[in-house]
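To start, the structure itself, in structure tokens.
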Amino acid sequence: MTRAGVLAVGLVTPIGEDLPAVLGRARAGETALRPAPGLQDLPDGRAGVVEGPSLVGWLRRKKDARLLPRAAELALPAAGRALLGFAGDFEELGLCVAVGREPPDEGEAEASLAAIARDGQLDYELLGGPGRALYPPLLPLRTLPNMVLAHVAIQHGIRGENGTWAGGAEAGLQALRAALRLVDEGRAAYCLVGAASSEVDLASARDRLRLGRTFPPGEAAIFALIGRGGRPVRPDAAVTAAMRAAIGDCGPVEGMYGVLPG
Amino acid sequence: MTDRRIVVTGIGVVTPLGIGAETTWQALLAGEQGVGPIRRFDPAGFPVRFAAEAPLPGSGASLKARLVELALGEALEQSGIRGGPRLGVCVGSEAARPPIEWLGNADVNADDVAALAPDAPTRQAVAMARAGGPRSTVSTACTSSSQAIGEALLRIRRGEVDAMIAGGVDALSEPLMVVGFSKLGALSTRNEDPTRASRPFDLHRDGFVLGEGAGFLVLEAADHAIARGAKVLATIDGWGCSCNAWRITDSPPDGRGAAQAMRAALADAGLTPAQVGYINAHGTSTPQNDLSESRAIRSVFGALPVPVSSTKGHMGHLVAACGAVEAILCVQALRDGWLPPTRNLEEPDPECDLAHIRGTPARMRAGHALTNAFGFGGSNGSVLLGEAP
């Protein structure tokens, strides 16, 4: 069995950003599921939405904010809190991240897409012309699955072995397993492992409906700093279940609650 | 005593050069190239009207599924491995793009949505190989399938499994990607001369060429392969990985992240730079990447004249699939004693001062080969392969 301890945890959830308080609220059955603006046409219409989060103190340059997909906005403070006080070598700090669906474009491409339709069908000639001018140049980068990893690494200076795992709820556990492997084998002295997911936009909601998922969507990020020794990593299924009920279904994030101590 | 060295027992690819590992390899050695006018859609009016498309019909998720079917099918057949709980799968891929016609249309069935997910190729590979072991999907842009090989290596070494399917797939020759990447300034715009557009390390390089393809390897613990009588094609000796922590699109000019990954792969394999006989560079043909990678190679290998080439001159940039496809080309180079040249490298950039293989393949037994993959977002991966014992 891999021996690794959870040294610090940071999280951003719809029921708070302070670990003890969040756990207390989840166990007490509090919920953050509320009617969500823009999703009122969906069958449930509720979602677990984070207010904010504030990125003050988590960005090297303010202008970097325009590059962040929503999941990365959630991830930066969560990862930053898990790293507070970390004094190790950032070249030997690993980073394993799980993500949910590919980040949506949050409507940015719509003006371009509207300009390329003729009679409701895509017109390639229009896309090459007026549609292209309206297409946001940073969009391809914002919608890559590894953008959470990229922004966390850049903003927090992490330079060790890394990876992004995708593919539903099991992605969180894959990332955790990879992190434990890195630490156990000494490929990284420490590893920041976590997940970030946001499914509270209309495009994600549409896909959830198409997949027959009716549970309200949510968004959250959680990161843990792990290192050799200390308390063994151990799942806590009760907390997982309570969290999910409180904040909604956040894809791979749910698997990650297994790293919470206690 | 068990032998947990990692060996390759099966390879399979589909690339713009052809269907099948041997077809691709022979075309590469013959100096053929797979870049041409875009056929997937009418690119009239687009800033870039060429790509390196795979020789298959279709688009989107169905094209990716066909690429996986052919490439993995070839690797499985060559390996002869049988499924079971000790066979795992790790695939590097990204989500397929939803058809534009889906916008605002709720009448799309669940299977079609699931087919777009990044892990759809993984699920397909699991089913094809009847793999009952661990499965995972890694998605780090151009480093994805290099990372899949790394994860497979670590899982086998630890004894979690006896064998792993590792590979990747990508297909980006579609309208929104061509528009998006050209607006980023990442693509070559040499529309008048597409066959010379992908020119890694050349002084007149102006960007990469979007490609399509898939590559899969069957990796096994040596004792497992030997016990079942499988033919060993090569060994996977080391894996190194790092983050640039620099910028989303650029790599640091000094190449420090890439150098860190290469050093980590060497350390993992227990090799010195002098023991590497060939470097298959990431070499995208973008001004920034090739310069940064050159400096990284120099910082690790110093004045050693290790032969270097980038096969993207022949087949463009296969993005999530490039790490696996290029590792397979290294397997073939180690097997046959031929090192492929960098196509279109006509006037080497003096700032990319490496021991380039130019013009024709070099006849040389490399012994060990290092293949690099560096992704948007700053993830770097280096895989070290060895000649079959």
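Basis for what follows: all heavy atoms, side chains included, without hydrogens, waters or symmetry-related copies. Convention: sequence-line order gives letters A, B, ...; per-chain numbering from 1.
Contacts with chain A were tallied for G378(B), P47(B), A117(B), G257(B); P47(B) has the most, counting heavy-atom pairs under 4.5 Å. Top candidate by heavy-atom pairs under 4.5 Å with chain A, chosen from T122(B), T249(B), D119(B), L154(B), is L154(B). For chain B, the option among G167(A), A188(A), G160(A) with the highest count of heavy-atom pairs below 4.5 Å is G160(A). Options A166(A), A178(A), G163(A), G212(A) differ in how many heavy-atom pairs under 4.5 Å they form with chain B, and the most are formed by A166(A). Highest contact tally toward chain A, considering only L184(B), I248(B), V178(B), D42(B), is held by I248(B) [criterion: heavy-atom pairs under 4.5 Å]. Contact count against chain A (heavy-atom pairs under 4.5 Å) is highest for A245(B) among G240(B), A110(B), A245(B).
The salt bridge (charged side-chain N to carboxylate O under 4.0 Å, His left out) check on E160(B) picks up R177(A), R181(A), R155(B), R158(B), with sequence neighbours excluded. Under the side chain to side chain donor-acceptor pair (under 3.5 Å) criterion, R187(A) pairs with E161(A), D268(B), sequence neighbours left out.
Results of the salt bridge (Lys or Arg N to Asp or Glu O under 4.0 Å) test with D64(A) over K62(A), R66(A), R61(A) single out R61(A) as the only residue that passes.
Within the 4.5 angstrom heavy-atom criterion, no atom of Q155(A) approaches chain B. With a 4.5 Å cut-off on non-hydrogen atoms, R49(B) does not touch chain A at all. Contact annotation for A44(B): only backbone heavy atoms (N, CA, C, O) come within less than 4.5 Å of a heavy atom of chain A. Proximity to chain B is limited to the side chain of L149(A), based on heavy atoms less than 4.5 angstrom apart.
In this structure, the separation between CG on L67(A) and CZ on R247(B) is 11.5 Å, given to the nearest 0.5 Å. The distance from atom CG of D237(B) to atom CG of L153(B), rounded to the nearest 0.5 Å, is 8.5 Å.
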Would you please test R263(B) and Q260(B) for side-chain contact (heavy atoms from CB on, under 4.5 Å) and show each step?
-> CA-CA 5 Å; R263(B) 286 195 184 97; Q260(B) 185 183 332; 5.6 Å; no
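The residues R40(B) and E174(B) are annotated as not salt-bridged, no charged nitrogen and carboxylate oxygen being separated by less than 4.0 angstrom.
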